[in-house]
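First the structure, in the form of structure tokens, and then the observations on it.
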Amino acid sequence: VKQTPRDAKRLKDLGDTTQALGNVWFTKKDYSKARQAYKDAVEIRRRLVAANASDGEYQRVLANTYMNLGRADFDAAQVSTDDKEYLELLGEAQKQYSEAQKIREEALTKAKLSKDLQSKLRRDLAKGYFQLGNLKKILPKPTDPIGPMTQALAAFEQIAADEPDDLETKKIGRAHV
């Protein structure tokens with residue numbers, strides 16, 4: 001990658017591998033290592049998106065990496081015994097979730113997305129609203145969880161209306177009700 005820093009295939013492969021490493025650490029509940037791997041994957045995927053701005057799939061995986069980083073921050077907060085660290089980690093999780101949603105919303109405005117990619121982005125966006133709503137419910141100074149939950153519900157309902165026979169849509173609807 002150092003020799004060809006804008007090579008999409010290499011950046012994608014490196015980002016995927018780094019993301020997978022974060023997933024391993026997350027599964028092992030080593031949130032510090034997971035967070036670092038996800039941060040590294042974010043930086044790699046940001047370079048990938050910068051070099052391939054018209055590729056919506058690269059934006060989608062970047063957004064998902066931000067969500068994974070946010071999940072690691074959130075779960076690290078849950079096991080923290082330090083109140084200050086707890087609050088900092090929840091704040092970080094909120095920033096990561098919000099950044100993921102921003103990327104998804106921007107990607108959905110692109111005119112040349114395949115139907116499949118549009119569907120994936122819409123599902124990811126709905127799931128992101130749901131996660132953001134759950135986070136906002138537990139913040140010490142609760143912010144409005146109703147807004148993101150309402151957005152999640154509307155997004156899931158729209159997906160179900162647009163894709164009533166899609167098995168993934170049915171699975172998501174059951175999981176987030």
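- Without hydrogens or angle criteria, Ser119 side chain to Lys115 main chain gives no donor-acceptor distance under 3.5 Å.
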In a table with atom names and distances, give each donor-acceptor pair under 3.5 Å that connects a side chain of residues 97-107 to protein atoms at least two apart or in another chain.
residue: Ser98; atom: OG; partner: Gln94; partner atom: O; Å: 2.9
residue: Gln101; atom: OE1; partner: Arg104; partner atom: NH1; Å: 2.7
residue: Gln101; atom: NE2; partner: Leu125; partner atom: O; Å: 2.9
residue: Arg104; atom: NH1; partner: Asp124; partner atom: O; Å: 3.3
residue: Arg104; atom: NH2; partner: Asn64; partner atom: OD1; Å: 2.6
residue: Glu105; atom: OE2; partner: Tyr129; partner atom: OH; Å: 2.7

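- In this structure, the side-chain hydrogen bond (donor to acceptor under 3.5 Å, both in side chains) partners of Lys95, at least two apart in sequence or on a different chain, are Glu92.
- In this structure Asp82 satisfies the side chain to side chain contact (heavy atoms under 4.5 Å, CB included) test together with Ser80, Lys84, Glu85, sequence neighbours excluded.
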**Message:** For Arg35 and Leu89: C-alpha separation, side-chain torsions, deciding distance, then whether side-chain contact (heavy atoms from CB on, under 4.5 Å) applies.
**Reply:** CA-CA 11 Å; Arg35 291 172 61 229; Leu89 288 165; 3.5 Å; yes
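- Atom CD1 of Ile159 sits about 11.0 Å away from atom CD of Gln118, to the nearest 0.5 Å.
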**Message:** Using side-chain contact (heavy atoms from CB on, under 4.5 Å), reason through Asn134 and Gln131 one step at a time and then give a plain yes or no.
**Reply:** CA-CA 5 Å; Asn134 279 334; Gln131 289 297 105; 4.1 Å; yes
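- Here the straight-line distance linking atom NZ of Lys110 with atom CG of Asp55 works out to 8.0 Å at 0.5 Å rounding.
- Within the model, atoms CG of Leu62 and CD1 of Ile44 stand 11.5 Å from one another, a figure rounded to the nearest 0.5 Å.
- Here Gln158 pairs with Asp162 under the side-chain hydrogen bond (donor to acceptor under 3.5 Å, both in side chains) rule; sequence neighbours left out.
- Atom CZ of Arg60 sits about 6.5 Å away from atom CG of Leu121, to the nearest 0.5 Å.
- Separating the CG atom in Leu14 from the CZ atom in Arg45 is a distance of 9.5 Å, to the nearest 0.5 Å.
- Counting all heavy atoms, side chain and backbone alike, Ala72 lies closest to Ala34 at CB-CB, 4.4 Å.
- Of all non-hydrogen atoms in Thr18 and Ala37, the two that sit nearest each other are CG2-O, 3.2 Å.
- We find the CZ-CG distance between Arg46 and Leu48 to be 12.5 Å, quoted to the nearest 0.5 Å.
- Under the 4.5 Å side-chain heavy-atom criterion for ILVMFWY residues, no single connected hydrophobic cluster contains both Leu69 and Leu21.
- Residues satisfying the side-chain hydrogen bond (donor to acceptor under 3.5 Å, both in side chains) test with Asp13, not counting sequence neighbours, are Lys9.
- Not counting sequence neighbours, Tyr58 has no partner by the ring pair (Phe, Tyr, Trp, His ring centres under 6.0 Å) test.
- Every residue was checked against the side chain to side chain contact (heavy atoms under 4.5 Å, CB included) condition with Thr81, not counting sequence neighbours, and none meets it.
- When the salt bridge (charged side-chain N to carboxylate O under 4.0 Å, His left out) test is applied to Glu157, no partner is found at least two apart in sequence or on another chain.
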**Item:** From CA spacing to verdict: salt bridge (Lys or Arg N to Asp or Glu O under 4.0 Å), Asp75, Arg71
**Value:** CA-CA 6 Å; Asp75 283 16; Arg71 274 184 33 232; 5.8 Å; no
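- Cluster membership for Met67 and Leu139, using ILVMFWY side-chain heavy atoms within less than 4.5 angstrom, is shared.
- For Gln36, the side-chain hydrogen bond (donor to acceptor under 3.5 Å, both in side chains) partners two or more places apart in sequence, or in a different chain, are Asp40.
- Sequence neighbours left out, the pairs with a member in residues 26-52 that pass ring pair (Phe, Tyr, Trp, His ring centres under 6.0 Å) are Phe26-Tyr31.
- Every residue was checked against the ring pair (Phe, Tyr, Trp, His ring centres under 6.0 Å) condition with Phe74, not counting sequence neighbours, and none meets it.
- Leu153 belongs to no hydrophobic cluster with other residues, because no ILVMFWY side-chain heavy atom falls under 4.5 Å from its own, directly or through intermediates.
- When all heavy atoms of Ala152 and Ala126 are compared, the closest pair comes out as CB-O, 3.6 Å.
- The two residues Ala41 and Thr65 come nearest to each other via the heavy atoms CB-CG2, 3.7 Å.
- Across all their heavy atoms, Ala77 and Leu90 have their closest contact at CB-CD2, 3.8 Å.
- Salt bridge Lys12/Asp16: present, at least one basic N to carboxylate O contact under 4.0 Å.
- Residues Ala8 and Asn52 share a closest heavy-atom pair of CB-ND2, 3.7 Å.
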